[in-house]
Amino acid sequence: MNEKQLRWYNIALMAFVSVWGLGNVVNNYAQQGLTVVVSWILIMALYFVPYALSVGQLGSTFKESSGGVSSWIKETSTKRLAFFAAWTYWVVHVPYLAQKPQGILVSLSWLFKGNGSFVSTVGSMEVSLICLAIFLFFLWIASKGLTTLKMIGNIAGTAMFVMSILFIILAVTAPAMTGAQVATPNMTTVSTYIPKFDFTYLTTISMLVFAVGGCEKISPYVNNTKNPAKEFPKGMIFLAGMVALCALLGSIAMGMLFDANNIPKDLMVNGAYEAFQRLGNFYGIGNTFVILYSIANALAQISALAFSIDAPLKILLSDADPEFVPNGLAKLNKKGTPINGYIMTGILVSILIIIPALGIGNMTELYRWLLNLNSVVMPLRYLWVFVAFMLINKQAHRFSSDYKFVKNTKLGFGIGLWCFLFTAFACILGMVPKLDYAADPKAWLFQLSLNIITPIIFILIGLILPMIAKRVNK
């Protein structure tokens, strides 16, 4: 088989399926309304395109490296920084794992009840305990090394991708095809799409960054293209175009279905399902779309939960340096599972599922908070991509690459620095709760405290592990 078999459109499609989903449209529309259209244009031009093309150069430079971002840092810097990069990649998945059981419950509620009332009518502590049981069950399954769920997830992921495209086509054409009334007035007025660039707006940027991040997953394939110097950047540019098109049309479609001036508070939780329900009613097929989306989403969430328990932990521990990771943490059982690493994962995720429920009594608000926490924490792993890109430009004499984003190393360093600072800025401001402080100051302060304390605890654990390793490893 010819290794150089991928074309630019293969790269673009592979990246698109891994980066994009309907949730990216729904969640950002829920925070910004139709002004998100301009936000998407800005984030694509100023952040996503340079981010994707930087990844292309890094993947091409370190084509033999299997550890992803941590390998890039190891090659350009020190083993200690490489450990922190691997640690960051793993630990940011803790809030992600804590939210997946909520997503599974919402999907099952819509599948069996035809609405999302279960999580909104049951108390947050009861729902959190159910979520904890779901998480621990799949933690146990993942420890058995089963791959069936991952295979199901690939099928469900493709189905989710198809449903996302179908949503855009059906919603945009609904007024012409079915005579459906557009929910948002003045959609043809330019001012409807212009954001108000105030502090509240800036606190929502992290969700946009969260939506477009993750294209470094396809970096190992850069040198599998026929002509990396031409085909990979072409694929990345096409990817940016597809993401931009889906983001813009998807947001406009949301504006047709939900009034941008009166956005439902539970849109992040139930928005995708309600959208498909309305489309089903428009086209006269009832809840058919809701059922299909619920099944696909439930399977995708289950697979993502099992995969995200296992894969990031193995990235952290498989190449673990005894200088930084205690031997006991990387110890494998008979099935090749790092069981103590699983226990550490279980403890951290369990805490993040239960503790917030003590101060956030509303399940809808708890879901929104955890999703926003993900948008603050998950992009922290992208920082290491930009550190690596700055370092290969600073040490350009040491490395060669079939593809270079920019030939001027000072400009390349500046692009890496810009993306790093922009990501950090978005994450820090994203910590500000999306609540009205005057309406509930206690809840606002509780969420702010959790948003600040959670990343600090993650960092401290990462600092403590090398100290423990130094004491216990021989």
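For the numbers below, each heavy atom of this structure counts, side chains included, while hydrogens, waters and symmetry mates do not.
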Can you tell me if [atom1] on [X] sees more than 12 non-hydrogen neighbours from other groups inside 6.0 Å?
{"X": "Phe238", "atom1": "CZ", "answer": "no"}
{"X": "Lys113", "atom1": "NZ", "answer": "yes"}
{"X": "Met187", "atom1": "CE", "answer": "yes"}

Close side-chain approach of [X] and [Y], heavy atoms under 4.5 Å:
{"X": "Ser251", "Y": "Asn28", "result": "no"}
{"X": "Leu257", "Y": "Phe167", "result": "yes"}
{"X": "Phe276", "Y": "Leu22", "result": "yes"}
{"X": "Leu366", "Y": "Pro356", "result": "yes"}
{"X": "Val25", "Y": "Cys246", "result": "no"}
{"X": "Leu445", "Y": "Tyr437", "result": "yes"}
{"X": "Asn261", "Y": "Pro185", "result": "yes"}
{"X": "Leu305", "Y": "Phe135", "result": "yes"}

Quick one: sort the [X] and [Y] rings into parallel, tilted or perpendicular, breaks at 30° and 60°.
{"X": "Phe422", "Y": "Trp418", "answer": "tilted"}
{"X": "Trp20", "Y": "Trp40", "answer": "perpendicular"}
{"X": "Trp110", "Y": "Tyr273", "answer": "parallel"}
{"X": "Phe16", "Y": "Phe161", "answer": "perpendicular"}
{"X": "Phe386", "Y": "Tyr51", "answer": "perpendicular"}

* **Audit row: Val92, Asn374, side-chain contact (heavy atoms from CB on, under 4.5 Å) steps and yes/no** => CA-CA 8 Å; Val92 297; Asn374 271 292; over 6 Å; no

Between [atom1] on residue [X] and [atom2] on residue [Y], distance to nearest 0.5 Å:
{"X": "Trp8", "Y": "Met236", "atom1": "CH2", "atom2": "CE", "result": "11.5 Å"}
{"X": "Ile355", "Y": "Ile453", "atom1": "CD1", "atom2": "CD1", "result": "10.5 Å"}
{"X": "Ser124", "Y": "Leu358", "atom1": "OG", "atom2": "CG", "result": "8.5 Å"}
{"X": "Tyr96", "Y": "Leu370", "atom1": "OH", "atom2": "CG", "result": "12.0 Å"}
{"X": "Leu313", "Y": "Leu97", "atom1": "CG", "atom2": "CG", "result": "10.0 Å"}
{"X": "Asn297", "Y": "Ile104", "atom1": "CG", "atom2": "CD1", "result": "9.5 Å"}

Please report the closest heavy-atom contact between [X] and [Y], naming both atoms and the distance.
{"X": "Cys419", "Y": "Tyr47", "value": "O-CE1, 3.8 Å"}
{"X": "Leu6", "Y": "Glu231", "value": "O-OE1, 4.2 Å"}
{"X": "Glu216", "Y": "Val69", "value": "CG-CG2, 4.2 Å"}
{"X": "Leu53", "Y": "Pro233", "value": "CD2-CA, 3.8 Å"}
{"X": "Val49", "Y": "Ala240", "value": "CG2-CB, 3.7 Å"}
{"X": "Phe389", "Y": "Leu58", "value": "N-CD2, 4.0 Å"}

Using only atom types and a distance under 3.5 Å, with no angle test, would you say the side chain of [X] pairs donor to acceptor with the backbone of [Y]?
{"X": "Ser60", "Y": "Ser401", "result": "no"}
{"X": "Thr364", "Y": "Asp266", "result": "no"}
{"X": "Ser107", "Y": "Ile295", "result": "no"}
{"X": "Lys434", "Y": "Thr203", "result": "yes"}
{"X": "Asn27", "Y": "Gly23", "result": "yes"}
{"X": "Asn186", "Y": "Thr189", "result": "no"}
{"X": "Thr184", "Y": "Phe258", "result": "yes"}

* Val37, Thr35, Leu34 screened by side-chain contact (heavy atoms from CB on, under 4.5 Å) with Pro195, the one that passes -> Thr35

* For Gln301, the option from Gln102, Gln99, Lys100, Met160 that meets side-chain contact (heavy atoms from CB on, under 4.5 Å) -> Lys100

* Could you walk me through whether Leu373 and Leu352 pass side-chain contact (heavy atoms from CB on, under 4.5 Å), step by step? => CA-CA 11 Å; Leu373 179 65; Leu352 201 53; 4.2 Å; yes

* Asked: Quick one: do the Asn393 and Gln57 side chains pair a donor with an acceptor below 3.5 Å?
  -> no

* Ion pair present between Arg368 and Glu365, side-chain N to carboxylate O less than 4.0 angstrom? ->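 A salt bridge links Arg368 with Glu365.
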
* What pairs with Phe48 under ring-ring contact (aromatic ring centres under 6.0 Å, His included), at least two apart in sequence or on another chain? -> none

* Do Gln31 and Asn372 pass the side-chain hydrogen bond (donor to acceptor under 3.5 Å, both in side chains) test, and can you show the C-alpha distance, the side-chain angles, and the key distance before you say yes or no? -> CA-CA 10 Å; Gln31 289 198 340; Asn372 276 303; 2.7 Å; yes

* Asked: When you look at Ser39 and Tyr201, which way does the side-chain hydrogen bond (donor to acceptor under 3.5 Å, both in side chains) test go after all the steps?
  -> CA-CA 10 Å; Ser39 298; Tyr201 172 81; 2.7 Å; yes

* To do: For side-chain contact (heavy atoms from CB on, under 4.5 Å), just list the numbers for Leu292 and Met163, CA-CA rounded to whole Å, side-chain angles, deciding distance to a tenth of an Å, and then say yes or no.
  => CA-CA 8 Å; Leu292 292 174; Met163 293 298 288; 4.1 Å; yes

* Should Val94 and Thr454 be marked as a side-chain contact (heavy atoms from CB on, under 4.5 Å) after you check the CA-CA gap, both sets of side-chain angles, and the distance that decides it? -> CA-CA 10 Å; Val94 171; Thr454 303; over 6 Å; no

